J.: 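First the structure, which I've put down as structure tokens, then a few questions once you've had a look.
All values reported here derive from a predicted model rather than from experimental measurement.
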Amino acid sequence: MALSVSFVLLLGILVVVLIRSKAVKPGPAIVCVFFGFFLASTSMAPSINRFMTGVADMIGQIRF
């Protein structure tokens, strides 16, 4: 749960930065948000969640 909240917060900050820097206009950003919202309610959501968890675990295992 903490991972998904952190990831959502990071993506939210990224969207705000992209809108403020004029790299993405507010309209397309809102469309992307709605796409993500509706994608989360599809049957693909568990697969996406497993993939993101695997990527986060892989990153967490990197030692410097």
J.: Clusters formed by hydrophobic residues whose side-chain heavy atoms approach within less than 4.5 Å: which one holds Val31, and what are its other members?
T.: none

J.: Mind checking side chain to side chain contact (heavy atoms under 4.5 Å, CB included) for Val16 and listing every partner two or more places apart, or none if nothing turns up?
T.: Arg20

J.: Should side-chain heavy atoms under 4.5 Å link Ile, Leu, Val, Met, Phe, Trp and Tyr, which residues sit in the same cluster as Val15?
T.: Ile19

J.: Applying side chain to side chain contact (heavy atoms under 4.5 Å, CB included), name anything that partners Ile13, two or more places apart in sequence or on another chain.
T.: Leu9, Val17

J.: Tell me, please, which residues at least two apart from Val24 pass side chain to side chain contact (heavy atoms under 4.5 Å, CB included).
T.: Leu18, Pro28, Ala29

J.: Please list every donor-acceptor pair under 3.5 Å in which a side-chain atom of residues 32-48 meets a protein atom from a residue at least two apart or in another chain.
T.:
| residue | atom | partner | partner atom | Å |
| --- | --- | --- | --- | --- |
| Ser41 | OG | Phe38 | O | 2.8 |
| Thr42 | OG1 | Leu39 | O | 2.7 |
| Thr42 | OG1 | Met44 | N | 3.3 |
| Ser47 | OG | Arg50 | NH2 | 3.3 |

